[in-house]
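Residue numbers start from 1 in every chain, and the chains themselves are labelled A, B, ... in the order their sequence lines are given, proteins ahead of strands.
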Amino acid sequence: MLDFLGTRQRTHTCGELRAADAGKTVTLMGWVNRRRDHGNLIFLDLRDRYGITQIVLDKEISPEGHPKAEHVRPEYVVAAIGKVRLRGADAINPKMVTGEIEVAATELLVLNDSKVPPFSPAEDAIQNEEVRLKYRYLDLRRPEMQHNIETRHKVALAVREYLANQGFYEIETPYLTGSTPEGARDYLVPSRVNPGTFYALPQSPQLFKQILMISGLDKYFQIARCFRDEDLRADRQPEFTQIDLEMSFPQQETVFKVVEGFLKAAFEVAGEKIDTPFPRMTYDEAIRLYGIDKPDQRLPPMTDIRDVFSAEELGSLKIEPGLPIVAIVIPGKQGMSNTQKKVFGQEINAAVGPDLAWLDVERLEKSAEYSALAGRIDAAAGKNCGLARVEPENRLIVLSPRIGTEPPAKDRLWLYKKAGQLRLDLAKRFQDEHRAFEKKGNADDYKFLWVTDFPFFEWDEEKKTWTFAHHPFTSPHEDDLIAGRMESDPEAVRSLAYDIVLNGLELGSGSIRIHRQDVQSQIFRALGMSDEEAKARFGFFLEALQYGTPPHGGIALGLDRIVMILTGTASLREVIAFPKTAKAIDLMVDAPSAVRDEQLKELHIRPVTRS
RNA sequence: GGGGACGUAGUUCAGUUGGUUAGAAUGCUGCCCUGUCACGGCAGGGGUCGCGGGUUCGAGCCCCGUCGUCCCCGCCA
């Protein structure tokens, strides 16, 4: 039998009563976390967002409430009315913040019952993610998830507050819109009143925020939902949230400062201190030192050690001339048994492939012929990594292209990327030994980095053409424009695009935009895009550009990823209230789903069955 | 699109070389218990071994297919 709430009101939450509250008459409401039945004495742990408080039902104190408590089960919703009292010295629970007190109930209202849940919110996350997602409301009751959602809220609020104080306006942009210039697939929404046409859900508010600058709004931000119909990953959901901003008349550094400011504020509300400003690194440097455009600086960089080899050594070791020789340090990795070394060797062989040779400097050290070389390698790599020495505290692997190797292995970029991948694979493989990925509770836990000077063009191997590396409204370096490199040497043109990287994760990406119509046309021409094509895709925007566009630029950061790092979780699903599976399915609402024929007809859509 | 891991009770898992009636813990149900807090004690119930097909005298176990979840590559610039 359920009780009616009547005019009862909650007086306190389940997380706030302390010893100082002893004697107060209170009304608590919440979910039954656990029930411990001792016959004439029943304990209920009452849970809400704020915590857990122990309620005692004593047959003598509450002859009516006690029998109700006998029938109460986990996840029932109850109201307990009674007096806060101090627990006896031996009954204090030091594990609970409310552990010094309990509520001796005089009255118990059973406000709602519950089916037996498929898993208990009182326990840690179950392995079965399918069940967690299907019963998301139960999963979200777990304190851990409530903490993640709380952190997300606090971060978003801190960002809003910071940006508002810096003079940014929060402005909403449409969800029902046209295709934006990111390269991903669009989610399409059919138009009923315009047969055969579709809206696209925004991959980002890119064009709108630029138009807001043309509109003279000066500083814009939005915590914006974005949609991209691409295959998913642990850190990629089909809909995700960006902290999106744009400002007029900025230099790159102006944008960096704003981002550093709100990140500092955001981390602070999550209880983490970070140092600003963040270091800067060019794209070329990132590739050379880390083999990737999003370096994880919790690990030592790579070193090109070609210079320490003598001509004879290069010859006798059969190393391809003219290409880098890359040394990779595996921190905190030393002693291996012969069996381990054998397995290790096979793993690296598989990872580097047939075009690259590799050697373990420890082996080199032991050879009479090369021990001096080993010392020089060690010194060079150590210096670059800021280490006094590499072997034997750390392990040193050297990677070089075999002599006579064919393209693509002859390409520096290919080699650096391959080495960078190996560096990460090895770091992941030995993370239990070096523990570089574990939080240490200081500012070093968060290695922020600005990566700048991205190449403007990118070679599309599939389409055999140059394509834009960022998006087509990114401004090239003025110097490269002045020097005429757009035509003469497109590969060398740098863009005013920048990424913000944290611990090897791309947090966000932005650029200074093109504000001049003549430059914009030049870019489209360089990309081989005809005036007609450009007009068809972005006509409204090109038109807008011609009405007094101020220099402007901005950035967008993944809110979900920031919260993921702050909560130390391994998947975006842990920080999104209602996420989707790797196949973009919402298991709780069962979306996407088939719709009625009439609905399709109304939308002028006919399904095609693929054979 | 490709590769990998997993799928057995509500949940977490075990299940040997293919061999009787598929087990454990926990949760669940009932009874008992006035100081527990992962309470405890006694008793009980609970299975389409993801699904379909095949091999076999016999399949949770072997084979083929399929579905689902997760991870990675491609993709997402």
Any donor-acceptor N/O pair under 3.5 Å between U36(B) base and Gln54(A) side chain: yes

Derivation of the ring-ring contact (aromatic ring centres under 6.0 Å, His included) call for Phe538(A) and Phe473(A): CA-CA 10 Å; Phe538(A) 317 113; Phe473(A) 307 112; 5.2 Å; yes

Presence of donor-acceptor pair under 3.5 Å, side chain of Glu130(A) and base of G7(B): no

Pair Asp296(A) + Arg298(A), salt bridge at N-O below 4.0 Å: yes

Distance below 4.0 Å between Arg228(A) side-chain N/O and A77(B) OP1 or OP2: yes

Any Lys583(A) side-chain N or O less than 4.0 Å from OP1/OP2 of G68(B): yes

Position toward the 5' end of RNA chain B (nearest nucleotide), Lys580(A) or Arg185(A): Lys580(A)

Any N/O donor-acceptor pair, Arg236(A) side-chain to C76(B) base, under 3.5 Å: yes

Ionic contact status for Glu491(A) with Arg485(A), cut-off 4.0 Å: no

Electrostatic pair Asp113(A):Arg73(A) at N-O distance under 4.0 angstrom: no

hbond_proxy Arg35(A) side chain to C39(B) base (donor-acceptor, 3.5 Å cutoff): no

Donor-acceptor pair under 3.5 Å, Asp37(A) side chain vs C33(B) base: yes

Side-chain H-bond candidate by donor/acceptor type, Asp425(A) with Gln421(A), under 3.5 Å: yes

U69(B) OP1/OP2 closer than 4.0 Å to side-chain N/O of Thr581(A): yes

What nitrogen or oxygen pairs link the protein and nucleotides 9-12 of chain B at under 3.5 Å?
| from | atom 1 | to | atom 2 | distance (Å) |
| --- | --- | --- | --- | --- |
| G10(B) | O2' | Pro118(A) | O | 2.6 |
| U12(B) | OP1 | Gln127(A) | N | 3.3 |
| U12(B) | OP1 | Asn128(A) | N | 2.6 |

For residues 78-90 of chain A, tabulate all N or O donor-acceptor pairs below 3.5 Å that involve a side-chain atom, not counting sequence neighbours.
| from | atom 1 | to | atom 2 | distance (Å) |
| --- | --- | --- | --- | --- |
| Arg85(A) | NE | Glu102(A) | OE2 | 3.0 |
| Arg85(A) | NH2 | Glu102(A) | OE2 | 3.2 |
| Arg87(A) | NE | Gly99(A) | O | 3.3 |
| Arg87(A) | NE | Ile101(A) | O | 2.8 |
| Arg87(A) | NH1 | Ala91(A) | O | 3.1 |
| Arg87(A) | NH2 | Ile101(A) | O | 3.4 |

Of residues 55-63 of chain A, the positions that come close to RNA chain B - non-hydrogen atoms, cut-off under 4.0 Å: Asp58(A), Glu60(A)

